[in-house]
Each structure stands twice: as C-alpha cells, then as structure tokens.
Amino acid sequence: MKHLVFYIIFLSMFCGCNTENTKSGYKVYDIQKVQHADAGSFDSGDLHYIALEFNERCPIGYMDKIVLTDKYIFVKSDISLYRFSLEGKFLNNIGQYGESPSDVQGIFDFAIDEKQEIAFLWDMMGGKIAMYSFDNEFQHSIPYEGLVRNIEYNSNRIFLTFMNLGNELFKLQVMKTDGEVLYRSSNDIQYEFQDMFALPSVKNMHLLSKEKMLVRQNFNDTIYTYDQHQNNLSIRYVFDFENSKLPYRLLSSYELFNKEYENYAYLSDVSETNDYIYVDYVFHGKNKKVIIDKSNDQILTVQDPIGGITVKNGFHFFWPKWVSTEYLIDYIPADYIIRYKDKIKNEKLSELVELLDEESNPILILSKK
C-alpha cells in the first residue's frame, strides 16, 4: 500500500515525539500529539470487492474473523465457520456439532494451516482444539482447558492468547500441533478480578512473516514480536499515553471502569503491514484512529475515527479489521450497500449491487499491502 502515501495530508513532523529508545532498541510513539490536530485524510487506492454467496447453509451476520489464503476465504460468524472460494462461492461448513469426541460444542476461534489444509477449531466448551480437514473431516484433537481468546497458526506452531481476568500466569502460549508446549510468556497486567468483568480485544495476534508474529495483550500499551527462530517475545514498540494511561485497577470491575474510563486512554486494536501501523484507541471516551508511516515515523489521523479511510470515488470508508499475507481486509454489510447504491461510483462495486438483496452476505473489501 505504498501508493497510499501520495494521498496523505501530513499533519506534522514529529521528530521529537516518536523517539527511538536507544538503550532498549524499540520505538516509543506518543500518539497524543495528534489529539487536537485537524483531521487529514488519504485515499485507500484500488480496492478489490468479493460478494460472498448467500444460502441457508451460510447465513453470515457479524463477521468475527476472516482468514484469507491463496485459495480460500474462511469466515467465522457466531459459532459457525464457513469456507468460500476466492470468487465468493460457498464451499462448505467446517465443524460438526455434538458431544462425541469427533464433534465440537462451539467454535470460539479458529486458525488455518493452508499447506496441510487443516482448520484448528478452538472449542472452549469441549475443552479442546479440534482439527478438521478443509472438507470437514475430523482429524484429531488436542485436549486443552483455559480461557483462550485467540488462536493462530504459523509454520507448524499453534499460538494462543488469553482473556484478561487479572490473574493469568501467562499471556501467550506457543505449542506444536501435538500439544507440546514450546513457549510461555508472563502476564504483564495483574489486577484483582471482582465481578466477571472482562473486555476482550478484537484481535491479539497476526502474521508478520513466516518467522514472526505480532502479539499484544488487551490494555497493554506495549506491542511484542514473537520470533520463532529465537523462540522468544521481545518489545516491538510502545505507545505512550503519559498521564492518560489507563490504570489497571479499573479493569477489576465494571462499575469502576464505567465510572472512570473517560479520564484515560487505551489501545483497542493494532494492525501492521510493511509500510504502516494502523492504530485504534480510545482517548477520554472518544474513538480515535491514527496511521503511523513506518518509513519516517510520522503519525497521521484519518478523516473518520469510526469508519476509517475515505474510499476513492466511493461512499464508504475502509479500515483493516484483519491482515493476511497480501491484503488488508474489511467488509460492508449488504443492506448498507443497497441503501446507498445510488451514490456508488466504483464500477466494480456497482456490478455487485445488482446481485444483492437485504438478506445477502456482506461484501469483502481487500486492499493490497
């Protein structure tokens, strides 16, 4: 997405704000410096749209997670996992529901081994990671008890991160597909858990390369890199909210958090490509979005803190919700497209509108990294 830089309205040079921590070797980004700057915008460039087929076997509501491979699109919606072709044709469901050893009781998250054509299904209620072929044939499972939030797969390793309940011993676990644990990291956020209050993050990990994963823990302002060769976790960069940093004591109860969170700031999501870091965060009760240009460490705001980047000749916004090896991924609900179809100027998207009705599945939006 390097072509995006030509559309950027630069807000300012933060030469003294985004400083390199020479002692530790990582960068500290002070994104508060753009709080009162005029919002700039840049164009999202060329986008690729995919209409996902709709039928009674694949009714997609909220899209919890999308994994895009070289051949397929995998979509988790509620407790169901669907496989589509890259053209959007529905292929099959993955996961058989029931209480037998070869069944799952629910799919809370999933990961994909594209090479072996295996889907890893995290079944929290069943206490296991169930493995199915892409054709929905059960392979085997790994018994596992725990409050796993996210599961990812990379180069023969399964990555697990966990819900923040204050007392977890570790925030990341890496293991082989046979269940052997290779690595565990300590929990950076400790607090007294009181009233079943937990704020799960949108996503905790994504692939940076075949050897590295980006890892974050909810409400932690530090972003980490897991290196598979070194088998360790190191600080990648830090976001500095200074006096606005959210105190961890607020995470212990809903009453405390709801009463005081508007006085503070915290990260809600981070995505990264080779060129940019996309940052979602909350500052004094307001949703914010900034993009960090990795080539010069400039911090840029976007036009719409909710929708994201203005789409060229379009009527909607784009903001990465997921990252694949080649694309940033977002989506638009079908009813939204139909409602504003008269405003669509994008030829590719206009062609898809004629195929939609109010019950249709969402349209995927892909932007080349």
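Quick note: residue numbers are just sequence positions, from 1. These numbers come from a predicted model, not from an experiment.
- The structure places OG of S271 at 10.0 Å from CD1 of I329, a figure rounded to the nearest 0.5 Å.
- Every salt bridge (charged side-chain N to carboxylate O under 4.0 Å, His left out) that R249 has, sequence neighbours left out, goes to E260.
- For D123 (side chain) and I129 (main-chain N/O), no donor-acceptor pair under 3.5 Å exists by modelled atom type.
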Salt bridge (charged side-chain N to carboxylate O under 4.0 Å, His left out) evaluation trace for K245 with D221: CA-CA 8 Å; K245 179 180 173 62; D221 302 333; 3.0 Å; yes
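- For Y281 and F239, the distance between ring centers is not under 6.0 angstrom.
- A donor-acceptor pair is defined here as one N or O able to donate and one able to accept, closer than 3.5 Å; no such pair exists between the side chain of K115 and the backbone of E117.
- Taking the six-membered ring wherever Trp is involved, the centroid distance between the rings of F74 and F134 falls below 6.0 Å.
- Of all non-hydrogen atoms in N92 and R83, the two that sit nearest each other are OD1-NH2, 2.6 Å.
- With a 4.5 Å cut-off on side-chain heavy atoms, E152 and M213 count as touching.
- A salt bridge links D109 with K65; the closest basic N to acidic carboxylate O contact falls under 4.0 Å.
- Under 3.5 Å, the side chains of Y183 and N231 contain no donor-acceptor pair of N or O atoms.
- For the atom pair L172 CG and N187 CG, the distance stands at 11.5 Å (nearest 0.5 Å).
- Remark: S80 engages Y82 in a side-chain contact (heavy atoms from CB on, under 4.5 Å) (not counting sequence neighbours).
- Relative to the ring axis of W319, K289 places its NZ or CZ within 45° and under 6.0 Å from the centre.
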Pair T310-F318, side chain to side chain contact (heavy atoms under 4.5 Å, CB included): steps then yes or no: CA-CA 7 Å; T310 305; F318 176 87; over 6 Å; no
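- Under the 4.5 Å side-chain heavy-atom criterion for grouping Ile, Leu, Val, Met, Phe, Trp and Tyr, L356 is not connected to F54 through any hydrophobic cluster.
- A single hydrophobic cluster is not seen to contain both I332 and I306; linkage of ILVMFWY side chains at heavy-atom distances under 4.5 Å, directly or through other members, places them apart.
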Derivation of the side chain to side chain contact (heavy atoms under 4.5 Å, CB included) call for I365 and H316: CA-CA 11 Å; I365 318 172; H316 61 276; 3.9 Å; yes
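- Remark: aromatic rings of Y237 and Y29 are close, center separation under 6.0 Å.
- The only member of Q139, Q96, E137 that meets side chain to side chain contact (heavy atoms under 4.5 Å, CB included) when paired with Y132 is Q96.
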Verdict with supporting geometry, L86 and Y72, side chain to side chain contact (heavy atoms under 4.5 Å, CB included): CA-CA 5 Å; L86 292 181; Y72 304 110; 5.6 Å; no
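- How far CG of D70 is from CD of E114: 4.5 Å, rounded to the nearest 0.5 Å.
- What you find for N204 and N218 is that their closest heavy atoms are ND2-N, 4.1 Å.
- Between I223 and R216 the shortest heavy-atom distance is CD1-CB, 3.8 Å.
- Using a 4.5 Å heavy-atom cutoff, the side chains of F138 and S133 are not in contact.
- When side chains are defined from C-beta on, K27 counts as touching D297, because their heavy atoms get closer than 4.5 Å.
- Shown here is E99, whose CD atom has no more than 12 heavy atoms of other residues, nucleotides or ligands within 6.0 Å.
- The closest side-chain donor-acceptor pair between Q228 and N154 falls under 3.5 angstrom.
- Ring centroids of Y266 and F283 are separated by 6.0 Å or more, keeping the two rings apart.
- Residues E272 and K294 meet the side-chain proximity criterion, which asks for heavy atoms closer than 4.5 Å.
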Steps toward side chain to side chain contact (heavy atoms under 4.5 Å, CB included) verdict (Q173, V181): CA-CA 7 Å; Q173 177 168 300; V181 176; 3.7 Å; yes
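- Scanning both residues, I189 and N220, for their nearest heavy atoms gives CD1-N, 3.6 Å.
- No continuous path of hydrophobic side-chain contacts links F317 to L300 [ILVMFWY only; heavy atoms under 4.5 Å].
- At a threshold of 4.5 Å between non-hydrogen side-chain atoms, the residues L147 and F162 do not count as touching.
- No donor-acceptor pair closer than 3.5 Å links the side chain of D227 to the backbone N or O of K212.
- Residue K321 comes nearest to D330 through the heavy atom pair NZ-OD1, 2.5 Å, listed as atom of the first residue, atom of the second, then distance.
- Looking at heavy atoms from C-beta onward, Y276 lies out of side-chain contact with I292 at the 4.5 angstrom threshold.
- For the residue pair M63 and Y331, the shortest heavy atom distance occurs at SD-CG, 3.4 Å.
- No side-chain heavy atom of N274 sits under 4.5 Å from any side-chain heavy atom of L208.
- Interatomic distance, CG of L68 versus CZ of F84, reported as 12.5 Å (0.5 Å rounding).
- The shortest side-chain heavy-atom distance between T273 and L328 falls under the 4.5 Å cut-off.
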